[in-house]
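Everything on this sheet refers to the single structure shown next.
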Amino acid sequence: MSVLLRAAAGPPSAVARAVIPCLWRGKYFSSGKEPAEGSPVTPVLRHLIYKIKSTGPITVAEYMKEVLTNPAKGYYVYHDMLGEQGDFITSPEISQVFGELLGIWFISEWMATGKSAAFQLVELGPGRGTLMGDILRVFSQLGSVLKNCDISIHLVEVSQKLSEIQALTLTEQKVSLERNAGYPVYMKGVTKSGIPISWYRDLQDVPKGNSFYLAHEFFDVLPVHKFQKTPQGWREVLIDIDPQVSDKLRFVLAPCATPAEAFIQLDETRDHVEVCPDAGVIIQELSQRIALTGGGALIADYGHDGTKTDTLRGFCGHKLHDVLIAPGTADLTADVDFSYLRRMAQGKVASLGPVKQQMFLKNMGIDVRLKVLLDKSDEQSREQLLQQYDMLMNPKKMGERFNFFALLPHKRLHGKSQTNACQSKPSPSPVAGFGELAWR
Ligand code: SAH
């Protein structure tokens, strides 16, 4: 526990984050049936209409991909959509405590797996870099623990706009950034605390080597295919031009089977499912890497364990938004199916969770950290800290909607790295967050 308390001694560096009544994205919402608030013809809509006219209706996955990450006009590419002025808010943007506890998770896992001489910390979809900034502050505070470890940071980000914000947050550009640093690295620099940092567009491009991976609210933006059960079997939901209204899109059902049906389980009992092949590819890549070189992955998102049906939804200006209206101006997201992620690990690594955010953060010692911050704060900051805590932990807010899931080498759970002095047999140390945090 002493290490946690030392980290907890750090300052309330960013107590004032978001003003609380922002909408977070993890709210269950049915797609495409809400009233339109005007429907401007956006450049993405024009592009999609042209595409559908030339080659026919497109899958929902293709639609999401074009809308979110089209290199010319995608929603994520040139937008800063996070925070009060943006479209949605995430846990790290609400409270510094969130990132600090995740920083402790990575150090705890690094210690439990034998304190390797070097590791890469890889984040998928780092947003504004706030989460990584909070993690790195903990790494600095625990500098004596990590002092002989060679750490590097690797960010996987498609957004030009957000990568610039990340660079500003993490490096303060004290050392000038190298842009076009040489394929596949598109930018590199050094963090405020002197750690080398590189940016990539794809996980495949990140060097293989002992790594810890982090993905917070990343899997939910990956494109999903949607399927409806019909008397003729599974039929994919497609997007077509509305024949009644020009410049308007609508959902239709494919007249016959489509290839992505292969991703549906044979014993599936739901009548509507969403499948995310891109998530499968990423989990397989992570699993192979972790099985080969050690480390681990921590994935946090809203989602379900193979039970929900229609979860695709849009967000714009902290309001739910019709997913087919003004594409490119709103975020699109679908709940993560953790049972699918577990299956895609294909037994190469062990998986833990999903556990609810409330339980994970409690196990990580959020109450200890909150108390330290409260003791150091004035009345106004105390009020804010309590509101932030409530937002993260309240089961009706983010506490039960968000889940934590981890991939770890099998040997981490089968106790080869720890021996309990009182027993002759090796005993596995509990994985922090998924069990109570225990420092040795
Ligand atoms: N993790 C951050 C941001 C979540 S928003 C937070 O919790 O605050 C999703 C992030 O994923 C953004 O940074 C977005 O630009 C990035 N992103 C979306 N699609 C991506 C893709 N296909 N590859 C890499 N990054 C992607």
Side-chain angles (χ1 to χ4, degrees), residues 14 17-18 22-26 61-71 73-99 101-102 121-135 153-170 184 186-187 198-206 213-224 276-283 285-286 297-303 314-316 328 330-334 336 357 391-392 398 401-404:
R17 295 215 170 174
C22 295
L23 184 68
W24 67 98
R25 293 190 298 174
E62 196 175 348
Y63 179 77
M64 281 182 86
K65 195 168 175 198
E66 288 284 359
V67 170
L68 296 181
T69 57
N70 178 298
K73 301 278 175 231
Y75 170 79
Y76 275 109
V77 181
Y78 297 108
H79 251 82
D80 174 15
M81 68 296 297
L82 285 148
E84 281 174 77
Q85 311 302 321
D87 294 325
F88 58 90
I89 187 93
T90 60
S91 294
E93 299 292 335
I94 289 173
S95 166
Q96 67 176 92
V97 177
F98 186 83
L101 296 177
L102 267 52
L121 182 57
V122 184
E123 186 176 0
L124 308 177
R128 282 178 164 174
T130 309
L131 178 53
M132 185 57 81
D134 291 335
I135 291 174
I153 306 298
H154 304 261
L155 303 182
V156 179
E157 177 56 83
V158 283
S159 166
Q160 187 179 317
K161 175 83 180 167
L162 289 178
S163 60
E164 280 163 14
I165 298 175
Q166 291 152 16
L168 207 60
T169 309
L170 297 170
Y186 68 85
M187 196 159 75
S198 311
W199 279 260
Y200 311 78
R201 293 205 161 74
D202 201 307
L203 171 63
Q204 309 265 2
D205 298 330
V206 177
Y213 299 89
L214 170 63
H216 181 260
E217 290 218 36
F218 168 75
F219 278 88
D220 67 277
V221 299
L222 299 178
V224 294
C276 185
D278 286 11
V281 170
I282 292 173
I283 291 292
E285 173 76 20
L286 290 175
L298 187 63
I299 294 166
D301 228 307
Y302 44 84
F315 283 94
C316 184
D331 185 32
L332 299 180
T333 162
V336 174
Q357 172 158 307
M391 190 77 166
L392 296 184
M398 292 165 127
R401 284 217 50 89
F402 284 80
N403 299 276
F404 280 77

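In listed order, ligands and their atoms are each counted from 1. For reference, positions follow the sequence shown, starting with 1.
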Proximity of Ala215 to ligand 1 by residue part, where a heavy atom lies under 4.0 Å: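 Looking at Ala215 and ligand 1, no heavy atom falls under 4.0 Å.
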Per-residue contact class, Thr90 against ligand 1 - non-hydrogen pairs under 4.0 Å: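 For Thr90, only side-chain atoms sit under 4.0 Å from ligand 1.
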Could you tell me whether some N/O pair between [X] and ligand 1 is separated by less than 3.5 angstrom?
X      : result
Leu162 : no
Ser159 : no
Glu157 : yes
Gly127 : yes
His216 : yes

From Phe218, Tyr75, Phe98 - option closest to atom 24 (C) of ligand 1 by heavy atom: Phe218
Where ligand 1 meets Val221 - atom numbers and elements under 4.0 angstrom, heavy-atom basis: 18 (C), 19 (N)
Sub-4.0 Å heavy-atom contact, Leu131 with ligand 1: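 No, Leu131 has no heavy atom closer than 4.0 Å to ligand 1.
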Test item, Leu68 contacting ligand 1 (heavy atom, 4.0 angstrom):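 Contact absent.
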Any side-chain donor near an acceptor of the partner, Tyr75 and Asp87, under 3.5 Å: yes
Any side-chain donor near an acceptor of the partner, Thr333 and Tyr302, under 3.5 Å: yes
Side chain proximity check, Leu203 to Leu286, heavy atoms < 4.5 angstrom: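 Side chain of Leu203 against side chain of Leu286, heavy atoms only: contact under 4.5 Å found.
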Parallel, tilted or perpendicular: ring planes of Phe98 versus Phe404, cut at 30 and 60 degrees: tilted
Note: Glu93-Arg128 ion pair, threshold 4.0 Å (strictly below):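 Yes, Glu93 and Arg128 are salt-bridged.
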Nearest non-hydrogen partners of Ser163 and Met187, listed with the distance: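 Answer, listing the atom of Ser163 first, then Met187: O-CE, 3.4 Å.
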Atom of Gly127, atom of Gln166 and distance for their closest heavy-atom approach: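 Nearest pair, atom of Gly127 first, then Gln166: O-NE2, 2.7 Å.
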Test side-chain contact (heavy atoms from CB on, under 4.5 Å) applied to Leu68 and Val158, Leu222, Leu332, Val77, the passing residue: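 Option passing the side-chain contact (heavy atoms from CB on, under 4.5 Å) with Leu68: Leu332.
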